[in-house]
Amino acid sequence: MEENKQLFAAAERVSVSLTRAIHLVPMDEVDGFAIRPGFYETNGATAIPGGVNFTVHSRGATSITLLLFHRTEDVPYARIPFPPHYRIGNVYSMIVFRLNIEEFEYAYQVDGPYEPERGLIFDRGRYLLDPYAKAVTGQSRWGASSPRGQRYKARVVRDDFDWGNMPQPLIPMEDLIIYELHVRGFTKHQSSGVAHPGTFAGLMEKLPYLLELGVNAVELMPIFEFDELQDYREMNGEKLYNYWGYNTVSFFAPNTSYTASTEYNREGNELKNLIRVFKEHGLEVYLDVVFNHTAEGNEDGPFFSFKGFDNNIYYLLTPEGKYYNFSGCGNTLNCNHPIVHQMIMDCLRYWVTTYRVDGFRFDLASILGRNEDGTPMNEPPLLQAMAFDPILGDVKLIAEAWDAGGLYQVGTFPAWNRWAEWNGRYRDDMRRYLKGDAGTAQAAAQRMAGSRDIYEAAGRKNASVNFITCHDGFTLWDLFSYSVKHNEKNGWNNTDGSDDNNSWNCGAEGETGDEGINALRHRMVRNAFALLMCSRGIPMFLAGDEFCNTQFGNNNAYCQDNLTSWLDWSQLERNQNIFRFFQRMIRLRKENKILRANLSGGTCGFPDVSFHGVTPWHDGPFQDHERYVGVLFAGKEEGGRAQMVYVASNAYWDPLDVRLPALPTFMHWQREADTSQDLPADPCPWGESFRIGPRSVMVFTVQEH
């Protein structure tokens with residue numbers, strides 16, 4: 001702490017010197033404000049000694065005016081045009097002196113040509129949000145933001161958060177266990193028992209729970225400032241918001257409606273504190289980021305920022321000046337234009353240096369590799385820049401390797417051995433295998449072995465993020481409770497959401513009092529998680545799956561800010577056995593490195609990975625009629641100790657008699673898990689033959705006598 005005080009004192013001395021130097025330069029005066037040219041390479045609004053530096057750029061603008069507002073007022077109390085000689089190139093920069101950052105908010109007005117056919121739609125009558133705004137006003141109370149973004153304004157943020165000697169977990173990719181959650185929905189339900197429901201503070205109250213569960217990375221669904229009122233509707237008395245948040249308003253600003261209290265001019269401190277505490281306890285924090293489109297939508301959408309600065313630069317446009325829609329959300333960000341490229345890189349560096357974020361999951365990441373005409377690029381400069389950027393050197397980069405325009409790049413995403421991918425083929429193949437589809441055993445074996453058929457030829461390691469469920473689709477409980485989606489509450493006559501779910505209701509659609517069906521559903525949940533934890537690659541699962549949370553069959557709950565999406569924590573007590581099973585499988589994965597990585601290429605005559613049927617050593621690919629898969633992982637730990645894990649999965653509806661591979665005389669098999677049991681099985685010695693129950697998974701390790 002004393003060292004930090006010395007650093008702050010040194011910084012203050014530098015600030016005083018800088019103030020004197022600035023004031024030695026001749027200043028202009030506009031409407032009573034002393035101004036002078038600013039710092040052209042510092043985008044956004046930045047507090048400096050004695051004033052604020054405002055820097056903004058536009059290629060097509062003819063003039064830009066800074067607007068200053070008193071807090072909560074929509075009429076500016078000052079309009080300060082950037083003098084023409086304050087412009088260098090396309091950059092406008094100005095220091096305004098004697099401004100107290102706690103007493104004003106700001107926006108811009110930008111004038112320029114109006115030629116829609118060329119994508120130029122400048123409108124000097126609109127208030128525009130700074131693309132580099134660090135905090136957005138009017139958003140601090142959920143559901144109460146300005147209608148369709150017409151009056152977004154920004155605040156200047158004072159970044160004085162003390163990170164102290166916070167450690168960086170730097171967890172190796174293969175050791176990750178990722179837990180995807182929605183900040184608001186995680187604790188908003190009254191059953192969460194937190195003091196600050198639906199907030200970053202509420203999430204931090206659940207830290208002991210996350211540590212008890214055993215995950216070591218949390219992936220937060222969008223927390224950039226977004227417009228929850230986009231497409232706001234009411235349906236049968238229910239308010240429908242843009243709850244998920246995949247409609248970015250500002251890439252540099254945290255969502256202030258996720259804070260427990262208003263943080264005037266220190267926006268982000270509650271989130272920073274969350275990240276600091278999580279990392280002190282060994283948890284990494286990843287952000288789900290949306291650089292594929294913005295909340296401005298298409299020609300009919302709102303107009304509050306990027307459209308007004310350089311519409312034809314920030315968005316992919318057709319030759320007629322219309323918006324390409326590879327995102328499915330109205331517009332597509334022009335990611336590989338140098339200006340947008342620079343903004344995205346600045347943004348990522350900002351979140352890593354100012355918020356100490358450990359990783360990013362990129363929504364519809366294939367868009368980030370499209371050229372300005374929409375065609376896919378072989379070596380997209382933006383993706384390459386992310387892969388090699390020094391600031392991002394330790395950051396996890398995870399791509400959702402497809403987009404809404406039909407580009408699907410699982411296994412072929414431009415990677416430079418740096419990017420991991422959400423493995424959509426893992427999800428689809430494992431779902432089909434789990435419910436017993438014919439002809440799926442070979443694919444399931446490959447997915448469990450790390451999808452080597454997809455990634456090995458390119459020499460990519462730790463590229464596969466394995467998942468069976470995520471925010472987009474059924475929860476794990478619903479995957480085995482509904483054969484079709486039930487999205488009627490969304491208001492689109494059940495036409496939204498995927499129809500290709502590979503789900504199975506186990507004999508009854510939705511909730512049932514049939515004890516046999518419910519027991520089967522619990523077993524299927526255990527099966528899915530056991531295979532996920534026993535697959536090579538990086539496992540990820542959806543918050544609430546560990547206690548059978550349901551969305552009542554809704555597989556596209558993007559607008560459901562209610563009991564449909566909020567985690568019902570009372571299910572944790574009702575499904576404590578499932579929670580304990582998840583704990584057990586997470587611990588098993590952590591205890592057996594052979595499940596996570598190749599150790600020396602095998603041991604005791606066993607290869608690194610081998611496939612088996614009901615008898616050992618399966619010859620050739622699995623046949624269409626086969627529904628039993630045995631996967632054996634083998635290798636040596638440091639020090640020479642053999643480590644082996646055999647995963648037995650039976651997708652048949654009948655039990656099977658199975659024989660394990662023969663071991664050297666000084667070893668024996670030990671059962672570690674059996675999903676046919678309601679309670680997690682205690683480890684116990686096992687012979688070379690066993691009977692596996694119908695639709696069940698068993699896991700064995702090797703122990704020395």
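In what follows, residues are counted from 1 in the order of the sequence shown.
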(request) Scan for side chain to side chain donor-acceptor pair (under 3.5 Å) pairs involving residues 387-399, sequence neighbours excluded, and state none if there are none. (result)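 Listed once each, the pairs are Glu284-Lys396, Arg349-Asp389.
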(request) Compute both the distance and the angle, then confirm whether Arg370 meets the cation-pi test with Phe326: under 6.0 Å from the six-membered ring centre, within 45 degrees of the axis. (result) yes
With no hydrogens and no angle check, is any side-chain donor or acceptor of [X] less than 3.5 Å from a backbone partner on [Y]?
X	Y	answer
Asn554	Asn487	no
Tyr258	Glu225	no
Asn247	Phe226	no
Ser600	Gly635	no
Glu546	Gly544	yes
Asn502	Asp429	no
Arg526	Ile578	no
Trp351	Phe251	yes
Lys307	Asn298	yes
Asn490	Asn556	yes

May I ask you to test the [X]-[Y] pair for a side-chain heavy-atom distance under 4.5 Å?
X	Y	value
Val290	Phe224	no
Asn242	Asp227	no
Asp478	Ser503	no
Val410	Tyr455	yes
Leu531	Ile468	no
Leu287	Ile223	yes
Lys134	Tyr350	yes
Leu240	Gln560	yes

Please check if any side-chain donor atom of [X] sits under 3.5 Å from a side-chain acceptor atom of [Y], or the reverse.
X	Y	answer
Asn423	Ser451	yes
Asn527	Thr675	yes
Asn555	Asn501	yes
Tyr132	Asp346	yes
Ser257	Asn255	yes

[Y] and [X] aromatic ring geometry - parallel, tilted or perpendicular at 30°/60° bounds:
X	Y	answer
Tyr179	Phe541	perpendicular
Phe529	Phe582	parallel
Trp402	Trp422	tilted

Kindly compute the distance separating [atom1] ([X]) from [atom2] ([Y]), expressed to the nearest 0.5 Å.
X	Y	atom1	atom2	answer
Met173	Lys461	CE	NZ	13.5 Å
Lys322	Glu299	NZ	CD	4.5 Å
Asp428	Asp500	CG	CG	6.5 Å
Cys335	Phe362	SG	CZ	10.0 Å
Leu333	Ile344	CG	CD1	5.5 Å
Met448	Met430	CE	CE	5.5 Å

(request) Give the minimum heavy-atom separation between Ile586 and Gly214, together with the two atoms involved. (result)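 Nearest pair, atom of Ile586 first, then Gly214: CG2-O, 3.6 Å.
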(request) Grab the two heavy atoms, one from Gly537 and one from Pro539, that are nearest each other, plus how far apart they are. (result) O-CD, 3.5 Å
(request) Kindly check if the number of other-residue, nucleotide or ligand heavy atoms within 6.0 Å of NZ (Lys590) is above 12? (result)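 Yes, the 6.0 Å shell around NZ holds more than 12 heavy atoms from other groups.
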(message) Run the ring pair (Phe, Tyr, Trp, His ring centres under 6.0 Å) test on Trp566 and Tyr243 for me, step by step, so that the C-alpha distance in whole Å, both residues' side-chain angles and the decisive distance to 0.1 Å come before the verdict.
(response) CA-CA 11 Å; Trp566 300 343; Tyr243 166 76; 7.8 Å; no
(message) Pair Phe291, Leu348 - check side-chain contact (heavy atoms from CB on, under 4.5 Å), show working.
(response) CA-CA 11 Å; Phe291 291 112; Leu348 295 175; 3.8 Å; yes
(message) Checking Tyr314 against Asn331 for the side-chain contact (heavy atoms from CB on, under 4.5 Å) test, could you report, in this order, the C-alpha distance in whole Å, the side-chain angles of both residues, the deciding distance, and whether it holds?
(response) CA-CA 10 Å; Tyr314 283 104; Asn331 64 48; over 6 Å; no
May I ask you to decide whether [X] forms a salt bridge with [Y], counting only side-chain N to carboxylate O separations under 4.0 Å?
X	Y	result
Asp358	Lys279	yes
Asp363	Arg361	yes
Arg536	Asp608	yes

(message) Set out, in order, the CA-CA distance, both residues' side-chain angles and the distance that settles side chain to side chain donor-acceptor pair (under 3.5 Å) for Thr495 and Asn493, then state yes or no.
(response) CA-CA 5 Å; Thr495 59; Asn493 296 319; over 6 Å; no
(request) Step by step, work out the side-chain contact (heavy atoms from CB on, under 4.5 Å) result for Thr469 and Glu180. (result) CA-CA 10 Å; Thr469 59; Glu180 187 197 32; over 6 Å; no
(request) Verify side chain to side chain donor-acceptor pair (under 3.5 Å) between Thr564 and Lys489, making sure each step is shown before the conclusion. (result) CA-CA 9 Å; Thr564 299; Lys489 287 181 64 178; 3.1 Å; yes
(request) Decide side chain to side chain donor-acceptor pair (under 3.5 Å) for Ser366 and Asp403; before the verdict, give the C-alpha distance in whole Å, the side-chain angles of both, and the deciding distance to 0.1 Å. (result) CA-CA 6 Å; Ser366 290; Asp403 65 27; 5.0 Å; no
(request) Assess whether side-chain contact (heavy atoms from CB on, under 4.5 Å) is satisfied between Leu383 and Met377, documenting all intermediate values. (result) CA-CA 10 Å; Leu383 299 179; Met377 307 173 76; over 6 Å; no
(request) Could you check Tyr246 against His471 for ring pair (Phe, Tyr, Trp, His ring centres under 6.0 Å), going step by step and ending with a plain yes or no? (result) CA-CA 12 Å; Tyr246 291 93; His471 70 273; 5.2 Å; yes
(request) Let me see the working for Tyr315 and Glu296 under side chain to side chain donor-acceptor pair (under 3.5 Å), right down to the final yes or no. (result) CA-CA 10 Å; Tyr315 297 113; Glu296 288 189 305; 2.4 Å; yes
(message) Quick check on side-chain hydrogen bond (donor to acceptor under 3.5 Å, both in side chains): which of Asp300, Thr318, Thr332, Asn311 does Tyr323 satisfy it with?
(response) Asn311
(request) Using the side-chain contact (heavy atoms from CB on, under 4.5 Å) rule, pick out the option among Arg447, Gln446, Arg460, Glu421 that qualifies with Ile454. (result)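 Considering Arg447, Gln446, Arg460, Glu421, a side-chain contact (heavy atoms from CB on, under 4.5 Å) with Ile454 is found only for Arg447.
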